[in-house]
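These notes are about the structure you will find just below.
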Amino acid sequence: MREHVWKLAGTAAPDAAGQVIVDLDGVLVLDHSEKQDATATWKKTCGHYPLMAFVDHGSAGSGEAGGRPAQAGQRGQQHRCRPHHHRSTRLGATAEEVPAWRRTLIRTDSGGGTHEFVAWLAQRGRWLSYSVGMTITEQIHQAILKVPVTAWTAVIEPGGEIRDGAWVAELSGDCLEGWPKGMRLIVRKERPHPGTQLRITDADGLRLTCFATNTTVMPIAALELRHRQRARAEDRIRAARATGLRNLPLHDTAQNRIWLEVVQLALDLLAWMPMLALTGETRRWEPRRLRFRLLSAATQIVTTARRRYLRFARHWPWTGVITDALARLEALPNLG
């Protein structure tokens, strides 16, 4: 089904540029009653932490869920050391549904920056690109302090302009020992925003972050921008919460897994419809806005000349958007 929709979408499909971007992230779902397999969280609450995969539609669109959800385990003190097999299992489920699996970029936060998971991504024959956040260890921190001033490059914005107060550099040497061959370690330093508390791994009053990638054909400033755009996964999580992931309503784990499947089906439908029927700013509308402006529009069924029509209210501000969307859907070819 996913491949069929992407063919209908044409240049608006996620693989139109030749590469599919899949963002992995966990979603903390709090429980307000006793449920099976619920565990304690670092916030001293109780809940589940399903690991989700989202196919990024880029800045011109939203995104869709990929594959089946996996259980990421307890979100406690081991949050940054989650077992890598949860993420690899999640990727395996996504691989079954992503048509261009051999041209896929995997992006994660620092929870994916483990030796086991990066080695799994870099295995021969997978043909995967990755961009995973890394925890700044003491060894990496010392390597950052030795980077000369001339090695730092200005960070860029999506429009190509230089971002003020942010720089990026590539690390080499001993900090890459033990990691897969071809991995690049890129560090970013930036003046913290007002009110931000610095961490012990920061230096000279600047916030330090780090990520690893195996992409070799792009400058480090472009690689940093590509990794920073992983923040769009937070928009997908917000959409998932608005579509039913705010809580798991059932008691048994098997029942809640079915609930997650239904949530992902809803996310896919709410992503495919704008991709096929909407244009411009309307393609980026999230579920709440889609429901209010389009899906809940009042209509009247009119029968005339032995044909039935949907009559929308003229005073509804988005009637034109709805009718144009329906016309685009009717004009789609049958590629089945």
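- Residues Val168 and Ile156 do not share a hydrophobic cluster, defined by chaining ILVMFWY side chains whose heavy atoms lie under 4.5 Å apart.
- Counting heavy atoms from C-beta on, the side chains of Pro274 and His57 never come closer than 4.5 Å.
- Distance check: Leu270 CG to Met275 CE gives 12.5 Å after rounding to the nearest 0.5 Å.
- Minimum interatomic distance between Pro333 and Leu8 (heavy atoms only, all atoms of both residues): O-CD2, 3.0 Å.
- Asn214 CG to Tyr130 OH: the interatomic distance, rounded to the nearest 0.5 Å, is 4.5 Å.
- Sorted by first and then second residue, the ring pair (Phe, Tyr, Trp, His ring centres under 6.0 Å) pairs with a member in residues 193-246 read Phe211-His227; sequence neighbours excluded.
- If you take CZ on Arg236 and CG on Asp23, they are separated by 9.0 Å, rounding to the nearest 0.5 Å.
- Grouping the Ile, Leu, Val, Met, Phe, Trp and Tyr side chains by contacts below 4.5 angstrom, directly or via other members, places Val262 apart from Leu260.
- Residues passing the side chain to side chain contact (heavy atoms under 4.5 Å, CB included) test with Gln229, sequence neighbours excluded: Arg107, Pro158, Leu225, Arg232.
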Using residues 301-319 as the side-chain source, report each donor-acceptor pair under 3.5 Å to any protein atom, sequence neighbours left out, with the distance given to one decimal.
unit_1: Trp316; atom_1: NE1; unit_2: Arg293; atom_2: O; d: 2.8
unit_1: Thr319; atom_1: OG1; unit_2: Ala313; atom_2: O; d: 2.7
unit_1: Thr319; atom_1: OG1; unit_2: Trp316; atom_2: O; d: 3.1

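- Here the side chains of Arg328 and Thr279 are in contact, with some heavy-atom distance below 4.5 Å.
- Ala203 and Leu145 get closest at one heavy-atom pair: CB-CD2, 3.8 Å.
- The backbone N or O of Ser59 lies less than 3.5 Å from a partner atom in the side chain of Arg284, making a donor-acceptor pair.
- No path of Ile, Leu, Val, Met, Phe, Trp and Tyr side chains, each step under 4.5 Å between heavy atoms, connects Ile140 with Ile186, placing them in separate hydrophobic clusters.
- Judged as a side chain to side chain contact (heavy atoms under 4.5 Å, CB included), and not counting sequence neighbours, the contacts of Leu176 are Met183, Leu185.
- Under the side chain to side chain donor-acceptor pair (under 3.5 Å) criterion, Thr45 pairs with Thr41, not counting sequence neighbours.
- Taking all atoms of both residues into account, the shortest heavy-atom contact from His48 to Ala38 is NE2-N, 3.5 Å.
- Lys35 contributes atom NZ, which lies 10.5 Å from atom CG of Leu30 (distance to the nearest 0.5 angstrom).
- Hydrophobic clustering (ILVMFWY, side-chain heavy atoms < 4.5 Å, transitive): Met273 and Leu326 are in one cluster.
- Across Thr135 and Ser110, no two heavy atoms sit closer than the pair OG1-CB, 4.0 Å.
- Criterion: ILVMFWY side-chain heavy atoms under 4.5 Å apart, direct or through other members. Under it, Leu265 and Met52 are not part of a common hydrophobic cluster.
- Between Ile220 and Trp152, the closest side-chain pair of non-hydrogen atoms is not below 4.5 Å.
- One N or O on the side chain of Arg199 and one on the backbone of Leu208 form a donor-acceptor pair closer than 3.5 Å.
- No more than 12 heavy atoms of other residues, nucleotides or ligands sit less than 6.0 Å from atom CD of Gln197.
- Within 6.0 Å of the CD atom in Glu34, the count of heavy atoms belonging to other residues, nucleotides or ligands does not exceed 12.
- Looking at heavy atoms from C-beta onward, Leu294 lies in side-chain contact with Leu278 at the 4.5 angstrom threshold.
- The stretch residues 162-187 participates, sequence neighbours left out, in these side-chain hydrogen bond (donor to acceptor under 3.5 Å, both in side chains) pairs: Glu157-Arg163, Arg163-Glu190, Glu170-Arg184.
- For Asp31 (side chain) and Ser33 (main-chain N/O), no donor-acceptor pair under 3.5 Å exists by modelled atom type.
- Looking at residues two or more places apart in sequence or on another chain, you find a side chain to side chain contact (heavy atoms under 4.5 Å, CB included) between Ala151 and Val147, Pro148.
- To the nearest 0.5 Å, atom CZ of residue Arg226 and atom OG of residue Ser131 are 5.0 Å apart.
- Summarising the geometry of Asp202 relative to Leu206, their closest heavy-atom pair is CB-O, 3.1 Å, with the distance given to 0.1 Å.
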Stepwise, does the side-chain contact (heavy atoms from CB on, under 4.5 Å) test hold for Asp109 with Asp25? CA-CA 7 Å; Asp109 57 10; Asp25 208 346; 3.5 Å; yes
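- Legend: residues meeting side chain to side chain donor-acceptor pair (under 3.5 Å) with Thr216, ordered by chain and number and at least two apart, are absent.
- Within the hydrophobic cluster formed by Ile, Leu, Val, Met, Phe, Trp and Tyr side chains joined at under 4.5 Å, directly or through other members, Ile21 is accompanied by Leu105.
- Taking CG of Leu198 as the reference point, atom CZ of Arg207 lies at 6.0 Å (rounded to 0.5 Å).
- Under the side chain to side chain donor-acceptor pair (under 3.5 Å) criterion, Lys189 pairs with no residue at all, not counting sequence neighbours.
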Enumerate, atom names and distances included, each donor-acceptor pair closer than 3.5 Å involving a side-chain atom of residues 238-254, sequence neighbours excluded.
unit_1: Arg238; atom_1: NE; unit_2: Glu286; atom_2: OE1; d: 3.1
unit_1: Arg238; atom_1: NH1; unit_2: Asp235; atom_2: OD1; d: 3.4
unit_1: Arg238; atom_1: NH2; unit_2: Asp235; atom_2: OD1; d: 2.9
unit_1: Arg238; atom_1: NH2; unit_2: Glu286; atom_2: OE2; d: 2.6
unit_1: Arg241; atom_1: NH1; unit_2: Leu28; atom_2: O; d: 3.2
unit_1: Arg241; atom_1: NH2; unit_2: Leu28; atom_2: O; d: 2.9
unit_1: Thr243; atom_1: OG1; unit_2: Ala239; atom_2: O; d: 2.5
unit_1: Thr253; atom_1: OG1; unit_2: Gln36; atom_2: O; d: 3.4
unit_1: Thr253; atom_1: OG1; unit_2: Asp37; atom_2: OD2; d: 2.6

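- Nearest heavy atoms, Ala297 versus Ile322: CB-CD1, 3.6 Å.
- Residues satisfying the side chain to side chain contact (heavy atoms under 4.5 Å, CB included) test with Leu329, not counting sequence neighbours, are Leu276, Ala277, Leu332.
- Listed for the Thr114 side chain is a donor-acceptor partner under 3.5 Å among the backbone atoms of Phe117.
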As a quick check of understanding, evaluate side-chain contact (heavy atoms from CB on, under 4.5 Å) for Phe54 and Ile237, giving each step before the final call. CA-CA 9 Å; Phe54 301 101; Ile237 292 176; 3.9 Å; yes
